[in-house]
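Here is how names work: the chains are called A, B, and so on, in the same order as the sequence lines, proteins then strands, and each is numbered from 1.
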Amino acid sequence: MLDIKLLRDDLDLVKQRIATRGTKIGWERFSALDRERREMLATLERLKEKKNQLSGEIGKLKKSGADASAPMREIGELSKAIGEREGPLAQAERRFEEFMLLIPNLPHDSVPAGSGAADNREVRRWGEIPRFDFTPKNHWDIGEELEILDFARAAKIAGARFALYRGQGALLERALIQFMLDLHTRERGYQEIIPPFLVNRDAMTGTGQLPKFEQELFRTADPDWFLIPTAEVPLTNIHREEILEREGLPIRYVAYTPCFRREAGSYGQDVRGLIRLHQFNKVELVKLSEPQNSYEELEKMVADAEEVLKRLKLPYRVVELCAGDLGFASAKTYDLEVWLPGQGTYREISSCSNCEEFQARRAQIRYRPEKKGRTVYVHTLNGSALAVGRTLVAVLENYQQKDGTVVVPEVLRPYMGGLDRIG
RNA sequence: GGAGAGAUGGCCGAGUGGUCGAAGGCGCACGCCUGCUAAGCGUGUGUACCCCUUAAAAGGGUACCGAGGGUUCGAAUCCCUCUCUCUCCGCCA
């Protein structure tokens, strides 16, 4: 959520910067909704003031045994007037709040203009693209031939866009998860969390998935819960409605969780393989930072995610998303894209974002810069480090051999009982 | 799932219808005192929003004692519903 004061003071600036995302907002409603609600509130508060005053007088009169019938009559009128105004005010506030919750975050000044992936800016590349003396295969072919991935049976059990890992495939996925967690906890200062995988509506609203993106979430019927689409949701919401100690910042969390997404509207894309599933594994980083450090923290987070790829010796590039490609809550995002020989292209494997105070404002996560001072919203950051399934894809495709086997990256071997080759 | 107890400020903890945003303590901030440290003394110390101004503050107001509703001129205090926590029983991984 944006700062209401910013909208009041400089609506044109906000309009301009939101427009760079390509998002259309009915701005003409803002001033009307804001004015409506404030006028109603002011009127109602004046009436309540008068009522409280009278009520006090009645108390005094009654205590002294005097007659209180005059103010009692007067207060009856007031109560009626107040009662009549409360409902409409509540509605006006709800309309205003709904409006505010649908405005995306402002892109950071450094974010390149542009409307889609084509306008993203490549920041750097790392690693050598492997050369094969045979035609490299897709990971789903590799996986099915080695009998470590089984999409047909996953479809039988659940449906399309699910995967079943078998034997050394499952082991490889698990090794990746543990390798990533060990790196971030032992060397990069993140605390490991195992959060709930189901969260409530408040949590989803706090990070910005709701109210706008409900159609992309899986939801449970009886208690109104949602399956997390990313660990960003539970991790960021850990400190919802808290005032944090400055000394404790930045807070760094890492969690492995499965992620669940409806993928509504993505029907033609990536229908085969592990790239786009309703359920996938991810190791996620979340930081809560002081505002003045958050961009420095973002760079460090990107480096933490890159380190996973470097140690796996997987070639990748870092891309800075343009305004049109930014997620709803993000002010600035770097994507890591890994090279996939089977597709002959770079594919997203991580996304690291600084949401600045956008989520903190929704989720009421604050801290006190000075012992006595006012509270300030923290900045929240999140990043995948990495999307595990896609990392497995990259390993299979980059480490495939002519004979159909797959060499296990060295850093993973200790996690796989010394296994150096699959197949 | 059944029975019971509870939810008050950063923390602990009083408060069962009126001037309670809430005693007291701890913590914290500032000041005093003091060879140093410790102790002591004094003062202050919630959040959000609205109005008025505004560079900001001060000031005025409304709301908030788990959440929502109700009774009442008036609710932290009474009633209802819900959520959460704790204890016991049952069940279960």
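Side chains of A:E356 and A:Y295: a donor on one and an acceptor on the other come within 3.5 Å. Between the side chains of A:R174 and A:Q178, not a single donor N or O lies within less than 3.5 Å of an accepting N or O.
Comparing the P positions of B:G69 and B:A76 gives a spacing of 15 Å, expressed to the nearest Å. B:G24 sits 15 Å from B:G15 when the P atoms are compared, rounded to a whole Å. Taking atom P in both B:G6 and B:C79, one finds a spacing of 12 Å when rounded to whole Å. B:C12 and B:G27 are spaced 15 Å apart, taking the P atom of each and rounding to whole Å. With both ends at atom P, the span from B:G2 to B:C82 equals 11 Å, rounded to whole Å. The gap from the C1' atom of B:U19 to that of B:C88 amounts to 45 Å, rounded to the nearest Å. Taking atom C1' on both nucleotides, B:U8 is separated from B:U34 by 39 Å, rounded to a whole Å. With both ends at atom P, the span from B:C84 to B:C64 equals 24 Å, rounded to whole Å.
For the pair A:K60 and A:R366, both in contact range of RNA chain B, the more 5′-proximal nearest nucleotide belongs to A:K60.
Rounded to a whole Å, the CD atom of A:E36 is 15 Å from the P atom of B:C50. If you take CD of A:Q364 and C1' of B:G10, they are 17 Å apart, rounded to a whole angstrom. In this structure, A:L244 atom CG and B:C11 atom P are separated by 13 Å, rounded to whole Å. Atom CG in A:D202 sits roughly 18 Å away from atom P in B:G66 (whole-Å rounding). Atom P of nucleotide B:C50 and atom CG of A:L47 are separated by 18 Å, given to the nearest angstrom. In this entry the distance linking CZ of A:R246 with P of B:C28 reads 16 Å, nearest Å.
A salt bridge links A:K137 with A:E145: the closest approach of a Lys/Arg side-chain nitrogen to an acidic carboxylate oxygen falls below 4.0 angstrom. Electrostatic pairing of A:R413 and A:D420 does not count as a salt bridge here, judged by no charged N lying under 4.0 Å from a carboxylate O.
The salt bridge (Lys or Arg N to Asp or Glu O under 4.0 Å) pairs that include a residue from residues 194-209 of chain A are A:R201-A:E214, A:R201-A:D224, where partners are two or more places apart or lie in different chains. Pairs engaging residues 154-164 of chain A under the salt bridge (Lys or Arg N to Asp or Glu O under 4.0 Å) rule: none recorded [sequence neighbours left out]. Listed by first and then second residue, the side chain to side chain donor-acceptor pair (under 3.5 Å) pairs that reach into residues 280-292 of chain A are A:E173-A:N281, A:T230-A:K282, A:Y256-A:N281, A:K282-A:E284, A:K287-A:E297, A:E290-A:Q292, A:E290-A:Y367, sequence neighbours excluded. Legend: salt bridge (Lys or Arg N to Asp or Glu O under 4.0 Å) pairs involving residues 249-262 of chain A, not counting sequence neighbours: none detected. Sorted by first and then second residue, the salt bridge (Lys or Arg N to Asp or Glu O under 4.0 Å) pairs with a member in residues 390-400 of chain A form an empty list; sequence neighbours excluded.
The shortest non-hydrogen separation linking A:V338 to A:I349 is CG1-CD1, 3.8 Å.
In this structure, A:Y190 and A:H184 have perpendicular ring planes: the angle between them is above 60°, well past the 30° mark. Note on ring orientation: taking the six-membered ring where Trp is involved, the planes of A:F179 and A:Y415 are perpendicular (angle over 60°, cut-offs 30° and 60°).
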Footprint string (nucleotides 69-84 of chain B, 5' to 3'): B base within contact, S backbone only, - free, heavy atoms under 4.0 Å: ----BS----------
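The residue A:R73 sits apart from the nucleic acid: no heavy atom pair falls under 4.0 Å.
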Heteroatom pairs (N/O) under 3.5 angstrom, protein to nucleotides 58-64 of chain B:
| unit_1 | atom_1 | unit_2 | atom_2 | d |
| --- | --- | --- | --- | --- |
| B:G61 | N2 | A:E45 | OE1 | 3.2 |
| B:G61 | N2 | A:E45 | OE2 | 3.4 |
| B:U62 | OP1 | A:N52 | ND2 | 3.2 |
| B:A63 | OP2 | A:N52 | ND2 | 3.4 |

Using the 3.5 Å cut-off, write out each protein N or O paired with an N or O of nucleotides 51-55 of chain B and the distance between them.
| unit_1 | atom_1 | unit_2 | atom_2 | d |
| --- | --- | --- | --- | --- |
| B:C51 | OP1 | A:R38 | NH1 | 3.4 |

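For the pairing with A:L288, the side chain to side chain contact (heavy atoms under 4.5 Å, CB included) check across A:L235, A:T380, A:I238 returns one residue only, A:T380.
A:I365 is listed as a side-chain neighbour of A:L244, based on a closest heavy-atom distance under 4.5 Å. Residues A:L274 and A:L149 form a side-chain contact, since some pair of their non-hydrogen atoms from C-beta on lies under 4.5 Å apart.
Scanning residues 97-106 of chain A for heavy-atom distances under 4.0 Å to RNA chain B yields an empty list.
Qualifying ring-ring contact (aromatic ring centres under 6.0 Å, His included) partners for A:H139, counting only residues two or more places apart in sequence or in other chains: none. In this view, A:S330 and A:L326, A:T333, A:S353 satisfy the side chain to side chain contact (heavy atoms under 4.5 Å, CB included) rule, not counting sequence neighbours.
A stem is defined here as three or more consecutive Watson-Crick or G-U pairs, each with both distances under 3.5 Å; for RNA chain B these stems are B:1-7 with B:83-89, B:10-12 with B:24-26, B:27-32 with B:40-45, B:46-51 with B:59-64, B:66-70 with B:78-82.
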